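One structure below.
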Amino acid sequence: MHRTHTCGQLTAAAAGTDVTLAGWVHRRRDLGGLTFIDLRDRYGITQIVAKSGEPGHDALGAVRNEWVIKVTGTVRERSRETANLKLATGGIEVAAKTVEVLNEAKTPPFYVNEETPVEETLRWKYRYIDLRREGPRELMRLRHEVVAYIRAYLTDRDFWEIETPTMIRSDPTGARDFIVPSRYYPGKFWALPQSPQQLKQILMVGGIDKYFQIAHCYRDEDPRADRVYEHTQLDFEMSFVDQEDVMSTLEALYTEIFRQFGRKPLARTPVPRVTYEEAMRRYGIDRPDLRFEIELVDLTDALRATAFIAFRSVIDSGGVVRGLIVPGQAAATRKDVDGWQALAKTKGAKGLASFAFAGTEVRSPVAKFLTPAELESLRIASKAKDGDLLLAVADTHHVASASLGVVRERLGPELGLADTTKHYAVWITEFPLIERTPEGGWTFAHNPFCAPLTPHDLELLDSDPAAARSKQYDFVIDGKEIFGGSVRIHQRAVQERVFAQMGVSKDEAQTRFGALLDALEYGAPPSGGVGAGIDRLVMTLAGTENVREVQAFPKTQTGYDPLLDAPADVDPKLLEELGLRVVAKAPKA
RNA sequence: GGUCCCGUGGUGCAGCGGCCUAGCAUACGUCCCUGUCAAGGACGAGAUCGCCGGUUCGAAUCCGGUCGGGACCGCCA
């Protein structure tokens, strides 16, 4: 061993003993006849000292920041005046007797010993230097501790951790697959899993009963601040359970995770539950941010008799007028409202009407189209207070709600409405089983294996498919989906019925999902589980908005790896063996 | 596929038509200094302002393109 102790370990109890420490030179303070070194490793910082004439003095003067050195010396208690209360080891120092340079270092491209911002690409290229910094290191620690906790927690409760392959069959469901060419089967391809969904259900058929995995998942879609090519999920499944069992198991786990690792407490436990229908009606979104309590209101009845054509026509055709109170923003500028309107339009709104309630007057671009009585009805229906602004959208219930929902999400941070001292968790339940595609067909709302909520919901596929609900449940914190899961369909006939609704024939289903469908015929137990993003969990715990911060070796927004300089060309011989020929070469290469 | 923002010594920022021979902080180098802990002091080296083209008497500064990065929409759990 190169050391007897770490740099975060020594206290006055060790005074007088000889020790050997090894680490990086964090900082050097050379006073001429007296030189100090802060020696750093993952565990902490210890001050090394040598006076003129003492054996280590010359060597300490010669080292530079980030050199790797090994120091042997005597632990010395510091006097009260010279102790450093900011360091755990600040009560002692090591008087150097010998200093061995294990490795010199070039001047680093950015600071290790300061918490100043550095351009991301540079950090990822020199991630090995970045990780020496306290902030990045502590995120790695947090991530490790959370994962270790999950493993221990689930192991204690009879779950088995089982690895599933990272090369599986491509399925054109959901996101674009990353694919890997096969050498034995030229022209055929493996796919990297977007999640181990089918495999974990098959494990349940195999009688594993309780399974989890810390699984890498891949999808080839354009990265964002909070999503990247590859992420890690806690994949989790249990047999002979219904929705309540899975939810209570996970709520217990996550409550405990937030209690142990969260910077902020959970605002409400047990975690409240809201159905999808209620979430859309009250918040206009299926992952509401409950750190602020403003809710959507219905204005249709207040305008039932209006002559204003924009509202009239919508109401006549069965639509609704929905509203959102923006507290205290009666003085909002045209520019503010335009910004919110642009946001509302991204969710399909044709426009966004605003009504400012100031004293007895109601100011609105559309005021001239409404009677005083109607304006008063709006005030009553929206419960607007003096100084409030009412935003309104007329459309179908879904479009009007969703449009105001995105505006609501924006208002929280923009107007500082959110209570940022706590985490606000909520369960969303009773999702639709299927939903309309833009082309007018049907597709699954979450994943194709989600069980109908009741037998009646399965029957609804024949009469009113959009009304059919499922045993899907999402766990949302502060407006972010932390995990989602469902109880699965465990009977082939039911699964095929759901596929049929989405226009997937029996043959096609057999081709794409044959392994799972076959398994369902050999005694599949009822089961349920979740896929829970680890990256997003750690982000939420740490309060960071950027996934790359919680990954050890991140890629850029264009999927480039600055550290390994990947993707890269491969040996043409390899292409030949694989039966591949590059037809078009991207200009970036 | 699209929109917006950014690109200036190693790092982080300022400068936004001539006053820039490009400023500040920090890092880096040399020297002084025996109780520092973001040590202090003195001196020094280091950038033709991402790249290409244009406008102009004159461009880091304005315009167009391009490359790279970031945020977002599309897409995506």
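Per chain, numbering begins at 1; letters A, B, ... match sequence-line order. Bear in mind that the values here come from a model prediction, so they are computed numbers and not experimental data. Because only heavy atoms are used, hydrogens play no part in the values below, and waters and symmetry mates are left out as well, while side chains stay in.
Residues Trp124(A) and Gln551(A) bring no donor and acceptor atom of their side chains to less than 3.5 Å of each other. In summary, the side chains of Thr20(A) and Thr72(A) do present a donor paired with an acceptor at a separation below 3.5 Å, with no hydrogens or angles considered. Side-chain contact of Ser527(A) with Glu237(A): a donor-acceptor pair under 3.5 Å is present, judged by distance alone. There is no side-chain donor-acceptor pair under 3.5 Å between Arg436(A) and Thr443(A). A donor atom on one side chain and an acceptor atom on the other are not found under 3.5 Å apart for Gln233(A) and Arg536(A). Looking at Tyr218(A) and Asp177(A), their side chains never bring a donor and an acceptor atom within 3.5 Å of each other. With hydrogens and angles left out, the side-chain atoms of Asp478(A) and His423(A) include a donor and acceptor closer than 3.5 Å. In this model, no donor atom of one side chain and acceptor atom of the other lie less than 3.5 Å apart for Thr74(A) and Arg76(A).
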Protein-nucleotides 24-26 of chain B N/O pairs under 3.5 Å:
| from | atom 1 | to | atom 2 | distance (Å) |
| --- | --- | --- | --- | --- |
| rU26(B) | O2' | Tyr111(A) | OH | 3.2 |
| rU26(B) | O2 | Tyr111(A) | OH | 2.7 |

Quick test: give all pairs of protein nitrogen or oxygen and nucleotides 30-33 of chain B nitrogen or oxygen below 3.5 Å, distance rounded to 0.1 Å.
| from | atom 1 | to | atom 2 | distance (Å) |
| --- | --- | --- | --- | --- |
| rU30(B) | OP2 | Arg64(A) | NH2 | 3.2 |
| rC33(B) | N3 | Asp30(A) | O | 3.3 |
| rC33(B) | N3 | Gly32(A) | N | 3.4 |

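As judged by a 4.0 angstrom heavy-atom cut-off over every strand, Gly531(A) is placed among residues making no nucleic acid contact. Using a 4.0 Å heavy-atom distance criterion, Ala83(A) is classed as a base contact. Note on Thr346(A): nothing from the nucleic acid sits closer than 4.0 angstrom, heavy atoms only. Nucleic acid contact class of Glu93(A) (heavy atoms, under 4.0 Å, all strands): base. In this structure, Arg176(A) reaches neither bases nor backbone, as no heavy-atom distance under 4.0 Å exists between it and the strands shown.
Nucleotides rU61(B) and rU56(B), compared at atom C1', are 13 Å apart to the nearest Å. The separation of rC20(B) from rA42(B), taken at their C1' atoms, amounts to 27 Å, rounded to a whole angstrom. Straight-line distance between the P atoms of rG29(B) and rA45(B): roughly 16 Å, to the nearest whole Å. The P atoms of rC63(B) and rU55(B) are separated by 15 Å, rounded to the nearest whole Å. One C1' atom belongs to rC51(B), the other to rU8(B), and the distance between them is 14 Å to the nearest Å. Comparing the C1' positions of rU3(B) and rC75(B) gives a spacing of 15 Å, expressed to the nearest Å. Taking the P atom of each, rG15(B) and rC62(B) are spaced 12 Å apart, rounded to whole Å. Distance check on atom C1': rC19(B) versus rG10(B) gives 30 Å, rounded to whole Å.
Closest to the side chain of Asp222(A), out of rG69(B), rG74(B), rG12(B), is rG74(B). Picking from rG69(B), rA71(B), rU36(B) the nucleotide with the shortest atom distance to the side chain of Tyr560(A) gives rG69(B).
OP1 and OP2 of rG68(B) both lie 4.0 Å or more from every side-chain N or O belonging to Thr558(A). Look at Arg410(A) and you won't find any side-chain N or O under 4.0 angstrom from OP1 or OP2 of rC72(B). At least one side-chain nitrogen or oxygen of Gln194(A) sits closer than 4.0 Å to the OP1 or OP2 atom of rA77(B). Note on Arg78(A): every side-chain N or O is 4.0 Å or more away from OP1 and OP2 of rU36(B).
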Could you walk me through whether Asp535(A) and Arg227(A) pass salt bridge (Lys or Arg N to Asp or Glu O under 4.0 Å), step by step?
-> CA-CA 9 Å; Asp535(A) 309 73; Arg227(A) 64 180 212 241; over 6 Å; no
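Pairing partner, rA42(B): rU30(B), with both Watson-Crick or wobble hydrogen-bond distances short of 3.5 Å. Across every strand in view, rC4(B) sits in a pair with rG70(B) that passes the Watson-Crick or G-U test at under 3.5 angstrom. Across all strands shown, rA60(B) forms no Watson-Crick or G-U wobble pair with both distances under 3.5 Å. In this structure rU11(B) sits in a base pair with rA25(B), meeting the Watson-Crick or G-U test at under 3.5 Å. Of all nucleotides present, none satisfies the Watson-Crick or G-U wobble test against rG35(B) with each distance under 3.5 Å.
Of all non-hydrogen atoms in Arg133(A) and Val118(A), the two that sit nearest each other are NH1-CG2, 3.9 Å. The two residues Asp220(A) and Arg176(A) make their nearest non-hydrogen contact at O-NH1, 2.7 Å.
Using cut-offs of 30° and 60° on the angle between ring planes, the pair Phe431(A) and His446(A) is perpendicular.
Of the residues near RNA chain B, Asp38(A) and Pro109(A), the one whose nearest nucleotide (by heavy atom distance) lies more toward the 5' end is Pro109(A). Comparing Lys86(A) and Glu481(A) by the nucleotide of RNA chain B that holds the closest heavy atom to each, the one mapping nearer the 5' end is Lys86(A).
Side chain of Asp565(A) to backbone of Pro562(A): no donor-acceptor contact under 3.5 angstrom is found.
Remark: the Gln557(A) side chain and the rG68(B) base include no donor-acceptor N/O pair separated by less than 3.5 Å. Counting atom types as modelled, Arg219(A) pairs no side-chain N or O with a base atom of rC76(B) as donor and acceptor under 3.5 Å. Between the side chain of Arg28(A) and the base of rU36(B), no donor-acceptor pair of N or O atoms lies under 3.5 Å.
Near-neighbour residues of RNA chain B inside residues 119-137 of chain A, defined by a heavy atom below 4.0 Å, number-ordered: Glu119(A), Glu120(A), Thr121(A), Leu122(A).
Atoms CG and OH, from Leu537(A) and Tyr254(A) in turn, are 5.0 Å apart once rounded to the nearest 0.5 Å.
Residue ring and nucleobase are not stacked for Phe110(A) and rU11(B) under a centre distance beneath 5.5 angstrom and an angle between planes beneath 30°.
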